[in-house]
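Have a look at the structure below, then the notes.
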There are 2 protein chains.
Amino acid sequence: MNSEFVIAVHSLVLLAHRPDGMASSEEIATNVCTNPVRVRKVMSCLRKNGFVDTREGSGGGYRLSREPDNVTLADIYRALASGSLAPSWCSGDPESDCMVGSNMGNVMNAVFCGADQQLETYFESITIGRMLSSITATAKG
Amino acid sequence: MNSEFVIAVHSLVLLAHRPDGMASSEEIATNVCTNPVRVRKVMSCLRKNGFVDTREGSGGGYRLSREPDNVTLADIYRALASGSLAPSWCSGDPESDCMVGSNMGNVMNAVFCGADQQLETYFESITIGRMLSSITATAKG
DNA sequence: GATTACTGTAATAATATCAGTTACAGTTGA
DNA sequence: TCAACTGTAACTGATATTATTACAGTAATC
């Protein structure tokens, strides 16, 4: 899995946890354990997909623009990691004389498309709000 | 996804397609489009897990040792790609003062364990035999 | 028993991917 | 006008992936 997905999920949970729903790229980066530029790149993508609003300039940062319970991991997955399941490496060669070698690419592709959908369905069942609850429950228990 | 998984699946389908169920690492490598050493490494693992028999020496190679219809992709996944879904990159820091930052690792981990199981369930439904049928059907159609 | 054709595995090299850093233009609040 | 932000691009360094080389061990065949 794409690690940008992880950063995105973490960031959104953090925003959801903030009373005012806001944080700067630097705050997020510290919390996630990475650098602000990487966070900004991910958040920029989340903004384009309507998950957050950004405020540039002094005192700015990111704000969650949707209800935590209405944002599923599937939404995030689709926005920045869809199709990441299939390996970059492609098996076989369409020009091969062998029936197996020449068709494996397509068949493998179909397998991974299915896997991707399966994964998406699973992610559909998990929301940012639920992850936050899970964390607060763990912290209290 | 681990590309060794792809090589393994392709190799087993190829063996299942062979009338005598056999092929050498070089033949497989050519068909898969990679080098024989890589194939041998993957096959070595498949042998240890009981998917194939090997015959060393002249005229040797690999032979499928199970019924194609009884080998699921889940079996293969478990043997050499289990847990590969979670990114190497880990979010947050257990020592963090922030509740979110310090617990995200665990929660994220749980999410990916679930995803892994989901994937395994999906792979359970696909067999080497079915993939081969799918290829022969495509080739004929 | 020598030769040939294989597997098994380690070590190394080449390449590609990923993550961190620096730099700087643009924006906004004070 | 200054300070604190975002948005991006370019560069560097780290890490992971794939290919290559090398060689020991095994078995069939001449």
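The sequence lines fix the lettering, A, B, ..., with proteins before strands; numbering per chain opens at 1. The structure displayed is predicted, hence computed values, not measured ones.
- Within the 4.0 Å cut-off from OP1 or OP2 of D/dT29, not a single side-chain nitrogen or oxygen of B/Ser58 is found.
- Using a 4.0 Å cut-off, no side-chain N or O of A/Ser24 falls inside it from OP1 or OP2 of D/dC5.
- Judged by distance alone with a 3.5 Å cut-off, a donor-acceptor contact links the side chain of A/Arg40 to the base of D/dG7.
- For B/Tyr62 and D/dT26, the OH to P distance is 15 Å, given to the nearest whole Å.
- Atom CZ in A/Arg38 sits roughly 17 Å away from atom P in D/dG7 (whole-Å rounding).
- In this structure, B/Tyr122 has its ring center at least 6.0 angstrom away from the ring center of A/Tyr122.
- More than 12 heavy atoms of other shown residues, nucleotides or ligands fall within 6.0 angstrom of atom CG in B/Asp20.
- B/Ser88 comes within 4.0 angstrom of nothing in the nucleic acid, heavy atoms only.
- The listed nucleotides are D/dT21, D/dT6, D/dG25; the one nearest the side chain of B/Val37 is D/dT21.
- Taking only side-chain nitrogens and oxygens, B/Arg47 comes nearer than 4.0 Å to OP1 or OP2 of C/dG8.
- Residue B/Ser44 places its side chain closer to C/dG8 than to any other of D/dT18, D/dT6, C/dG8.
- A sub-4.0 Å separation between OP1 or OP2 of D/dT18 and a side-chain N or O of B/Thr34 is absent.
- In this structure, the CZ atom of A/Arg63 is 15 Å from the P atom of D/dC5, given to the nearest Å.
- When distances are taken from the side chain of A/Thr54 to each of D/dG7, C/dT9, C/dA19, the shortest belongs to D/dG7.
- Closest-nucleotide positions on DNA chain D for A/Gly59 and A/Lys48 were compared, and the one nearer the 5' end corresponds to A/Gly59.
- In the set C/dA19, C/dT21, D/dT26, D/dT26 carries the atom at the smallest distance from any side-chain atom of B/Glu56.
- Between B/Tyr77 and B/Phe123, the ring planes lie tilted relative to each other; the angle falls in the 30° to 60° range.
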